[in-house]
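Below is one structure; the comments refer to it alone.
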Amino acid sequence: MLQRRLVSSAAAARLSSAEVRSQCSSLFSQEQTRQRALYPRTEKIEVTLQGPGLQGSLLIMNKGVSTPHSCTRHLSEWHVKSSAFALVDGQPWHMHRPLTSSCDLTLLTFKDEAPQIVNQAYWRSCAALLGQVLDGAFKDEYSVELLKIPEVPVITGAFCCDVVLDPRLDSWTPSEENLRSLTREALQLIQKDLPWEPLEVSPSVALEIFSHSRYKQEQVEESAAQSQNGKVSLYRCGHHVMLSDGPLVTRTGMCSQYEVTAVHTLGERAWGVQRRAQGLSLPVNLTAHHTIWRKLRQRAERLVEITTSSTETPLLTHEATPPSSSPQQ
């Protein structure tokens, strides 16, 4: 396995970052098409809706094709735009994940009386969006290795994305203008209102998709070992394909106020100098006044400390120094 990883990584090293993203997206599409072909005949399922105003409503949908998002189209425009997450028979379910049997469906929004589940999915999604921005923010000659997204509660005040940049950038510290540039890139993705497409795959498929990254291949094996069914959860946004141990919200357009607040240097790790990018966001229709936002931003600038296992190197925070130049395009 290690030899195969080294060979595949060496081959991927000849590809540009854009070519790697395109290759990952193409393999994602191939597997998505293969899975959809597993349901060649239309078979109907019964979806019983739960929740305020919908209790007991019944929809007849298509097995393996229809999704919770498809169900919202039979309800109202409000449900289409506001439903961020779903519960299927009480279990977390992405809005674009096909339904495979008759079930009870609960649609969740950010204004529910108990929004903890959808809020955590939103926080995770904001971190995923930040990772996508970092992946495409640097010139092609600089490598970017996105590490596993830290699972942090909303009450920490900032979502996080850990990353290892090209060794030539070890001394680089982002300026305020760099942070504003990253924020602008994120806002562009939000404006495009791109869906997060879920896909559950076997480890072999995930290893092929991430053949360019030895780190992600290790993450695939770890996720598969921890999964109850041995599968790995992938998400695609645009051409960016990522691993996620938890579900995301429906689409990027559900983010409203969004700002990249800091990039902290954590220190040397097994994969290189590790950094923690952080940000702050509020979902659509829940915006804050600029004075409140400023206070929230100050909190989101502080390093989010994450408890690590005893086998890992303790976090080392470096003092920030102004960079002489920016590697961003």
Side-chain angles (χ1 to χ4, degrees), residues 1-15 17 19-35 38 91-94 97 120-121 124-125 127-128 130-132 134-135 143-152 160-166 196-237 239-248 266-277 306-313 315:
M1 177 65 76
L2 177 59
Q3 183 179 7
R4 182 170 65 81
R5 280 183 184 159
L6 292 174
V7 172
S8 61
S9 294
R14 294 191 292 268
L15 300 176
S17 298
E19 289 170 334
V20 167
R21 285 192 291 272
S22 178
Q23 183 182 74
C24 291
S25 182
S26 177
L27 291 171
F28 185 101
S29 293
Q30 290 177 27
E31 176 62 15
Q32 190 179 61
T33 300
R34 186 196 70 81
Q35 291 189 20
L38 297 176
Q91 298 301 312
W93 201 274
H94 191 272
R97 180 181 172 186
Q120 192 60 43
R124 192 182 299 118
S125 304
L130 178 53
Q132 182 170 349
L134 291 169
D135 189 50
S143 62
V144 177
E145 184 70 80
L146 298 176
L147 305 184
K148 186 176 181 179
I149 293 177
E151 189 73 11
V152 296
C160 308
C161 176
D162 287 358
V163 62
V164 171
L165 301 178
D166 193 286
W196 271 293
E197 304 174 74
L199 190 66
E200 196 173 61
V201 303
S202 65
S204 60
V205 171
L207 287 171
E208 182 181 7
I209 290 175
F210 296 115
S211 62
H212 63 284
S213 169
R214 288 173 58 194
Y215 173 82
K216 286 187 175 61
Q217 290 193 332
E218 287 195 4
Q219 189 181 347
V220 165
E221 293 174 350
E222 178 185 338
S223 296
Q226 295 175 353
S227 172
Q228 292 183 350
N229 60 4
K231 297 293 185 68
V232 177
S233 294
L234 306 181
Y235 285 88
R236 180 173 64 179
C237 182
H239 293 294
H240 178 76
V241 180
M242 60 166 287
L243 286 156
S244 179
D245 290 336
L248 309 180
L266 304 182
E268 186 74 28
R269 299 294 176 82
W271 299 97
V273 175
Q274 185 171 331
R275 300 167 189 262
R276 176 161 298 152
I306 297 174
T307 303
T308 58
S309 66
S310 58
T311 59
E312 293 181 329
T313 305
L315 300 181

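Note that the coordinates shown come from a computational prediction; the quantities given were computed from them, not determined experimentally.
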If you round to the nearest 0.5 Å, how far is [atom2] of [Y] from [atom1] of [X]?
X: L199; Y: I209; atom1: CG; atom2: CD1; result: 7.0 Å
X: L134; Y: L165; atom1: CG; atom2: CG; result: 7.5 Å
X: Y235; Y: S125; atom1: OH; atom2: OG; result: 8.0 Å
X: H239; Y: C24; atom1: NE2; atom2: SG; result: 12.0 Å
X: R275; Y: L266; atom1: CZ; atom2: CG; result: 9.5 Å
X: E222; Y: L243; atom1: CD; atom2: CG; result: 10.0 Å

For a quick test of reading the model, state the closest non-hydrogen atom pair linking [X] to [Y] and the distance between them.
X: D135; Y: H240; answer: OD2-ND1, 3.5 Å
X: W271; Y: E218; answer: CZ2-OE1, 3.8 Å
X: S244; Y: R124; answer: OG-CD, 3.8 Å

Would you say [X]'s side chain and [Y]'s backbone share a donor-acceptor pair under 3.5 angstrom?
X: R269; Y: V164; result: no
X: R276; Y: C160; result: no
X: S25; Y: S22; result: no

[Y] side chain reached by [X] side chain, heavy atoms, under 4.5 Å:
X: P247; Y: W196; result: no
X: F28; Y: V201; result: no
X: Q132; Y: L146; result: no
X: N229; Y: E200; result: yes
X: K216; Y: M242; result: no
X: S204; Y: E208; result: no

Determine whether the side chains of Q35 and E31 contain a donor N or O and an acceptor N or O closer than 3.5 Å.
yes
Would you say the side-chain atoms of D245 and S223 include a donor-acceptor pair closer than 3.5 Å?
yes
Step-by-step side chain to side chain contact (heavy atoms under 4.5 Å, CB included) determination, R236 to S29:
CA-CA 10 Å; R236 180 173 64 179; S29 293; 2.6 Å; yes
